[in-house]
Amino acid sequence: MKITLKDGSVREYAAPMTVYEIAADISEGLARNATTGKIDGKVVDLRTTVDSDCCLEILTVKDPEGLATLRHTTSHVMAEAVLNLFPDAKVAIGPSIDTGFYYDFEHAPFTREDLDKIEAEMKRIIKKGCKLEKFILPRNEAIDRMTSEEEPYKVELIQDLPEDAIISFYSQGGFTDLCAGPHLMNTKQIKAFKLLSSSGAYWRGDEHRQMLTRIYGTAFPTKEELEEHLKALEEAKKRDHNKLGREMGLFTTVDVIGQGLPLFTPKGTKMIQKLQRWIEDLEDNEWGYVRTRTPLMAKSDLYKISGHWDHYMDGMFILNQESEGKEVMALRPMTCPFQYYVYMNDQHSYRDLPYRMSETSTLFRNEDSGEMHGLTRVRQFTITEAHIIMRPDQAEQELTACVELANYVMKTLGLDGDVKYRLSKWDPNNKEKYLGDEEYWNSTQDYLRNVMIKNGIKFDEADDEAAFYGPKIDIQAKNVYGKEDTMVTIQLDCASAEKFGMYYIDETGAKTRPWIIHRTSMGCYERTLAWLIEHYAGKFPTWLCPEQVRVLPISEKYSDYANQVLARLRKAGIDATVDNRSEKIGYKIREARKARLPYMLVVGAKEEEEKVVSVRSRFLGDEGQKDLDVFISDILEEIRTKAIREEYKEESK
């Protein structure tokens with residue numbers, strides 16, 4: 001058989017060999033560092049036998065898939081350590097994730113002291129250098145084995161596999177786990193790891209199932225890389241919007257109100273208000289949208305027409321169950337069918353299109369409690385939602401314009417460097433989840449793919465991420481912990497017009513079905529605010545700050561002048577306050593810095609006499625005295641242009 005390697009060279013072998021044996025034949029060093037292989041683009045275990053011509057790549061921890069294998073194996077070592085120390089624990093699942101790994105256990109919550117003990121036991125296991133052995137069992141034998149070992153979660157996983165599934169196990173020392181792999185050859189290859197935290201997690205993400213205890217950890221090829229990651233985690237904790245946003249007094253949550261239902265304080269509300277006014281003016285005045293206002297709820301009849309009742313009902317809040325003489329109502333999880341009826345309120349010709357409707361829409365989605373986090377995943381949120389009704393020949397231009405608008409918004413917010421694009425497709429193996437046939441999905445997915453290629457956009461593709469009615473261009477960003485969320489979405493829908501009987505009069509006078517774009521220009525206000533908090537660590541651009549200027553009188557004697565300055569600032573439309581407390585000026589300055597304010601205006605005898613202000617900023621430190629009119633003119637220009645100024649280093653002042 002001929003094996004074509006990554007560098008294009010070819011090796012020939014007379015008999016089948018494992019990936020590991022081929023790696024060893026190439027070089028001992030490669031075999032020592034190998035973690036997995038890739039045969040014809042598919043990641044495989046090193047123990048996999050190669051018995052025919054193929055392209056083979058040997059992966060190490062420098063490759064993303066190789067690093068994932070290191071972390072997956074570390075999760076197995078952790079599970080073994082947990083069972084050694086806590087024999088009554090039951091193991092569930094333990095995959096690698098982007099930032100490390102986790103494993104779920106049926107056990108009481110683990111303390112930090114417990115995690116330290118588990119780490120020590122893991123080091124002992126690794127030092128022994130146990131080989132990981134893979135073996136296969138028939139379905140019945142696999143169930144019997146896991147039943148005899150009193151591992152109910154593994155039994156359930158096996159029972160959910162197809163009858164003809166290959167059921168593989170990996171064993172190391174005294175620990176055996178149901179697992180598809182791949183895994184390292186030996187635990188000694190694990191060099192640097194850390195257990196980070198413990199939290200609750202429902203079995204299989206279902207809040208109606210058993211609450212398990214999840215241990216998160218991470219692993220890296222070297223101690224230096226681990227230390228660098230741990231330092232980054234500490235920085236992430238400082239930027240975590242869920243912590244920092246509360247500390248800054250932007251939002252809070254209350255148990256009696258409910259999970260995923262944040263309360264915005266005046267400061268947080270002010271920021272969202274600024275974003276909303278900007279987006280609405282931008283869309284209406286510069287991008288050709290008309291604005292609508294539609295109900296927050298509707299009868300189930302509407303959602304049955306749109307398809308949400310069949311495809312999305314579990315994610316909806318249904319206000320009452322069907323009974324005699326009582327309508328079934330539900331809070332809206334989207335605005336599209338409401339806006340369709342706005343469009344259909346008038347007859348439109350081909351000359352009227354595209355017809356762009358936008359709405360600042362409050363939506364409701366019944367998220368699982370385990371999925372909710374801060375402002376990034378909530379049950380009530382507000383979104384910059386729009387629907388473009390268009391002729392098919394206008395689709396490419398309109399889709400391109402949607403991408404351009406989203407890019408403009410992100411660039412203005414300073415977030416454009418944090419994103420990547422994704423073509424979100426249907427899953428042909430899960431057809432009942434989607435409207436339309438294979439031809440529909442292939443054609444619409446190709447359309448979006450070609451639009452991105454023509455616009456020079458680099459993108460990934462992901463199956464089973466589409467809306468049930470059409471594929472999406474999703475603009476993705478990661479939070480400070482590396483978890484990815486969709487920030488902006490642009491969806492192509494060629495199916496809904498038929499369902500709702502929507503049409504326009506074409507050049508021949510015939511009724512013709514339009515195409516529809518569902519899109520956001522900025523996305524969800526709550527999630528965007530979380531993104532801004534983490535990106536700027538709370539030091540927002542001046543135009544977005546809920547408090548842009550704080551006037552600081554040196555003593556009570558200058559309170560009157562401070563209030564005069566405040567009145568001038570507010571009259572000019574600047575968000576300003578005055579600190580009239582009986583505190584020393586040094587304390588007031590420190591408090592203003594702590595609040596991450598862009599500007600402080602210090603006023604005393606000289607400032608009052610000369611009718612000026614002493615300016616201190618986040619950007620230049622002590623900027624000296626300025627005429628108040630000059631300062632107002634400068635900051636208004638900064639606000640008007642939405643400038644993002646570079647922060648100065650406080651250590652250098």
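Because the structure is a prediction, the values reported are computed rather than measured. We use all heavy atoms of the structure for the numbers below, so side chains are in, but hydrogens, waters and symmetry mates are not. In this chain, numbering begins with 1 at the start of the sequence shown.
Taking the six-membered ring for Trp, Tyr469 and His518 have ring centres closer than 6.0 Å. Not less than 6.0 angstrom separates the ring centroid of His535 from the ring centroid of His241. Aromatic ring centres of Tyr170 and Phe175: separated by at least 6.0 Å.
Minimum heavy-atom separation, Thr444 to Cys494: CG2-SG, 3.9 Å. Contact detail for Val488 and Ala406: the closest heavy-atom pair is CG1-CB, 3.8 Å. The two residues Ser96 and Ala68 have their closest heavy-atom pair at CB-O, 3.4 Å. Across Glu21 and Met17, no two heavy atoms sit closer than the pair OE1-CA, 3.4 Å. Minimum interatomic distance between Gly482 and Asp98 (heavy atoms only, all atoms of both residues): O-OD2, 4.3 Å. Counting all heavy atoms, side chain and backbone alike, Thr35 lies closest to Gly66 at OG1-CA, 3.1 Å.
Between the side chains of Tyr434 and Asp427, no donor-acceptor pair of N or O atoms lies under 3.5 Å. A donor-acceptor contact closer than 3.5 angstrom is absent between the side chains of Asp45 and Thr48. Using modelled atom types, one finds no donor on one side chain facing an acceptor on the other under 3.5 Å when comparing Thr60 with Asn33. Using modelled atom types, one finds a donor on one side chain and an acceptor on the other under 3.5 Å when comparing Gln172 with Glu80. Side-chain contact check for Ser171 and Glu133: no donor-acceptor pair (N or O, by modelled atom type) lies under 3.5 Å.
The structure places CD1 of Ile533 at 12.5 Å from CG of Asn479, a figure rounded to the nearest 0.5 Å. In this structure, OG1 on Thr412 lies 7.5 Å from CD1 on Ile644, to the nearest 0.5 angstrom. A distance of 8.5 Å separates OG1 of Thr222 from CD of Glu228, quoted to the nearest 0.5 Å. Taking OG1 from Thr18 and CG from Asp51, the interatomic distance works out to 12.0 Å, rounded to the nearest 0.5 Å. Put simply, CZ on Arg449 and CG on Leu423 are 5.5 Å apart, with the number rounded to the nearest 0.5 Å.
Using a 4.5 Å heavy-atom cutoff, the side chains of His76 and Phe101 are not in contact. Using a 4.5 Å cut-off on side-chain heavy atoms (C-beta onward), Thr36 and Val44 make no contact. The closest side-chain heavy-atom distance from Thr4 to Leu56 is not below 4.5 Å. A heavy-atom distance below 4.5 Å is found between the side chains of Ile457 and Val403. For the pair Val480 and Glu235, the minimum side-chain heavy-atom distance is 4.5 Å or more. With contacts defined as side-chain heavy-atom distances shorter than 4.5 Å, the pair Ile3/Asp53 does not qualify. Looking at Val91 and Glu151, their side chains come closer than 4.5 Å, going by heavy atoms from C-beta outward. Between Lys238 and Asp240, every side-chain heavy-atom pair lies at or beyond the 4.5 Å cut-off.
Under a 4.0 Å N-O distance rule, the pair Lys117/Glu121 does not qualify as a salt bridge. Comment: Glu65 engages Lys38 in a salt bridge, judged by a side-chain N to carboxylate O separation of less than 4.0 angstrom.
Here the options are Phe110, Tyr103, Phe105, the test is ring pair (Phe, Tyr, Trp, His ring centres under 6.0 Å), and the partner is His107; only Phe110 passes. Between Tyr216 and the choices Phe193, Tyr102, Tyr481, the ring pair (Phe, Tyr, Trp, His ring centres under 6.0 Å) rule is met once, by Tyr102. Results of the salt bridge (charged side-chain N to carboxylate O under 4.0 Å, His left out) test with Arg422 over Asp474, Asp463, Asp485 single out Asp474 as the only residue that passes.
A donor-acceptor pair under 3.5 Å links the side-chain atoms of Tyr447 to the main chain of Glu396, judged by distance alone. Looking only at distances, a side-chain donor or acceptor of Ser148 sits under 3.5 Å from a matching main-chain atom of Asp144. Checked by atom type and distance alone, the side chain of Trp426 never pairs as donor or acceptor with a backbone atom of Lys433 at under 3.5 Å. Side-chain atoms of Gln189 come within 3.5 Å of backbone atoms of Met185 as a donor-acceptor pair (strictly under, hydrogens ignored). For Ser75 (side chain) and Gly94 (main-chain N/O), a donor-acceptor pair under 3.5 Å exists by modelled atom type. A donor-acceptor contact shorter than 3.5 Å links the side chain of Lys472 to the backbone of Glu465. In terms of modelled atom types and a separation under 3.5 Å, the side chain of Arg47 and the main chain of Phe135 share no donor-acceptor contact. Using modelled atom types, no side-chain atom of Arg519 and backbone atom of Cys402 make a donor-acceptor pair closer than 3.5 Å. The main-chain N or O of Ser197 is never found under 3.5 Å from a side-chain atom of Arg214 such that the two would form a donor-acceptor pair. A donor-acceptor contact shorter than 3.5 Å links the side chain of Ser168 to the backbone of Cys179.
Aromatic ring pairs are classed by plane angle as parallel below 30°, tilted from 30° to 60° and perpendicular above 60°; the pair Trp203 and Tyr153 is perpendicular.
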- Task: Tell me, with the steps shown, if Lys411 and Glu404 meet salt bridge (Lys or Arg N to Asp or Glu O under 4.0 Å).
- Result: CA-CA 10 Å; Lys411 185 175 182 180; Glu404 289 174 352; over 6 Å; no
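A cation-pi arrangement is present between Arg71 and Phe220 under the rule of less than 6.0 angstrom and at most 45 degrees off the ring axis. Arg209 forms no cation-pi arrangement with Tyr202, by the criterion of a distance under 6.0 Å to the ring centre and an angle within 45° of the ring axis.
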